[in-house]
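Written out below as structure tokens is the structure these notes cover.
Here the structure is a predicted model, which is why all the values come from computation and not from measurement. Naming convention: chains lettered A, B, ... in sequence-line order (proteins, then strands); numbering from 1 in each chain.
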Protein chains: 2
Amino acid sequence: MPQNPIVKALIAEQLVSDPASARGRLLHEAARLFREKGYERTTVRDLAAAVGIQSGSLFHHFRSKEDILKAVMVETIRLNTALMRAAAEQCATPLDKLRALVRAELESINGQTGEAMAVLVYEWRSLSQAAQTEVLELRDIYEALWLSVLQQLAAQGQLTADPFITRRMLTGALSWTVTWYRPERGGLTLDGLTDEVLRMLGLNAE
Amino acid sequence: MPQNPIVKALIAEQLVSDPASARGRLLHEAARLFREKGYERTTVRDLAAAVGIQSGSLFHHFRSKEDILKAVMVETIRLNTALMRAAAEQCATPLDKLRALVRAELESINGQTGEAMAVLVYEWRSLSQAAQTEVLELRDIYEALWLSVLQQLAAQGQLTADPFITRRMLTGALSWTVTWYRPERGGLTLDGLTDEVLRMLGLNAE
DNA sequence: GTCTATACATAGATAGAC
DNA sequence: GTCTATCTATGTATAGAC
């Protein structure tokens with residue numbers, strides 16, 4: 001049971017699964033496998049084995065394999081939207097808000113929910129059209145958070161590049177960190193990486 | 001038959017396939033399908049149908065489906081390494097070289113070879129370990145080009161961020177443009193996008 | 001070099017017992 | 001809620017005729 005009050009509230013409202021529940025554990029293992037092998041290469045037998053049941057038993061919890069992918073994505077966006085909003089709300093200036101967003105997204109990508117975030121980015125094509133639309137609606141809320149902060153920075157003259165394009169560059173750059181950033185190998189911390197990102201945007205020295 | 005002398009030379013040396021040949025056309029269609037549906041969701045029947053033959057006939061040209069994926073990747077890296085090197089060699093200053101590299105990579109990603117470049121980035125996991133090693137060797141040459149230029153910029157004090165990290169950020173940001181940049185819809189040109197990237201790095205106004 | 005036919009494996013999903 | 005057993009479809013790859 002997670003200590004983070006934001007996460008606890010989401011579980012209580014049944015917007016995300018309790019990681020200790022059967023459903024929660026399956027989604028966690030699914031995210032790990034989807035990220036490692038890809039959605040298509042992961043079989044329902046792989047998924048079942050990862051939580052110690054037989055493949056037939058999976059379909060008691062989910063109607064289809066795609067349903068599992070969709071659940072991973074939906075719950076991940078819900079969780080991270082709430083975490084990002086909370087992180088930004090605690091900051092006074094737009095620059096501090098941006099730093100908090102970058103830090104939080106890097107944490108999502110490279111921390112506990114990293115596998116799920118990578119799935120969100122790289123397994124998009126495997127979702128049916130209907131499911132894509134549904135997930136996209138949630139993602140729009142998430143993106144609005146970013147744009148609001150970047151537009152404030154642009155209005156203050158601190159950001160000279162276009163806010164929309166900047167966000168897209170950031171999306172690519174931050175999600176890509178999952179392929180190379182290894183905090184456990186020493187060297188760069190998450191705070192250090194956050195600083196590098198802001199320095200790249202010309203927003204740290206000023 | 002391509003007019004570009006660099007491409008012509010590569011074809012003459014048999015380092016990349018002639019786009020007009022049976023092999024070249026297949027690799028082009030394969031890149032398109034792998035990018036659109038993903039490698040795993042693309043069947044050998046899809047590949048065969050795209051060039052107007054039966055699936056059994058494919059195996060006269062390639063030993064396996066994975067062999068096709070590997071060929072797409074190998075030829076794409078060879079082609080783009082040559083194009084990037086030529087683009088950088090024509091420039092005098094490190095800043096001009098970087099602009100040329102960014103421009104060339106954006107062109108690769110969003111132009112004719114865009115599908116193949118996306119495959120290179122997003123279908124990495126589908127390659128066997130042995131094939132990954134082989135492709136990785138080629139990619140190291142390509143990346144050395146970038147690092148050399150970024151290190152020159154850092155030595156001159158024009159780049160304040162770390163060259164390695166900057167390249168990784170650029171890799172993510174530039175490859176991600178394939179998901180949103182649509183030059184045909186008007187608005188931003190490739191040169192305009194290149195400028196935005198350099199502005200983001202704080203390297204345009206100075 | 002392409003065809004047809006098919007071998008062989010493995011995928012997602014279902015049914016009914018416990 | 002999980003098991004075993006199995007249906008059915010579809011995947012990659014091969015064989016031999018033309």
B:Trp146 and B:Leu170: CA distance, side-chain angles, deciding distance, side-chain contact (heavy atoms from CB on, under 4.5 Å) verdict: CA-CA 10 Å; B:Trp146 277 91; B:Leu170 276 175; 3.9 Å; yes
Enclosure of B:Arg85 CZ (heavy-atom neighbours >12, cutoff 6.0 Å): no
Minimum heavy-atom distance B:Tyr142-B:Met117, with the two atoms named: OH-CE, 4.1 Å
Picking from [options], which would you name as closest to the side chain of [X]?
X	options	value
B:Ile53	C:dG12, C:dC3, D:dC3	C:dC3
B:Arg45	C:dG12, C:dG1, C:dT6	C:dT6
A:Gln54	D:dC3, D:dT12, C:dT14	D:dC3

[X] has an atom [atom1]; how far is it from atom [atom2] of [N], in whole Å?
X	N	atom1	atom2	answer
A:Lys37	C:dA11	NZ	P	8 Å
A:Arg63	C:dA13	CZ	P	11 Å
B:Leu58	C:dT4	CG	C1'	15 Å
B:Phe59	D:dG16	CZ	P	17 Å
A:Phe62	D:dG1	CZ	P	12 Å
A:Leu26	D:dT2	CG	P	10 Å
B:Ile68	D:dG11	CD1	C1'	14 Å
A:Lys65	C:dT14	NZ	P	15 Å

A:Glu123 and B:Tyr122: side chain donor to acceptor below 3.5 Å: no
Passing candidate, side chain to side chain donor-acceptor pair (under 3.5 Å) with A:Lys37, options A:Thr42, A:Asp46, A:Thr43: A:Asp46
Earlier contact from the 5' end, DNA chain C, for B:His60 and A:Asp46: B:His60
Closest-nucleotide ordering on DNA chain D, the 5'-leading residue of A:His61 and A:Ser55: A:His61
Below 4.0 Å: OP1/OP2 of C:dG1 and any side-chain N or O of B:Ser57: no
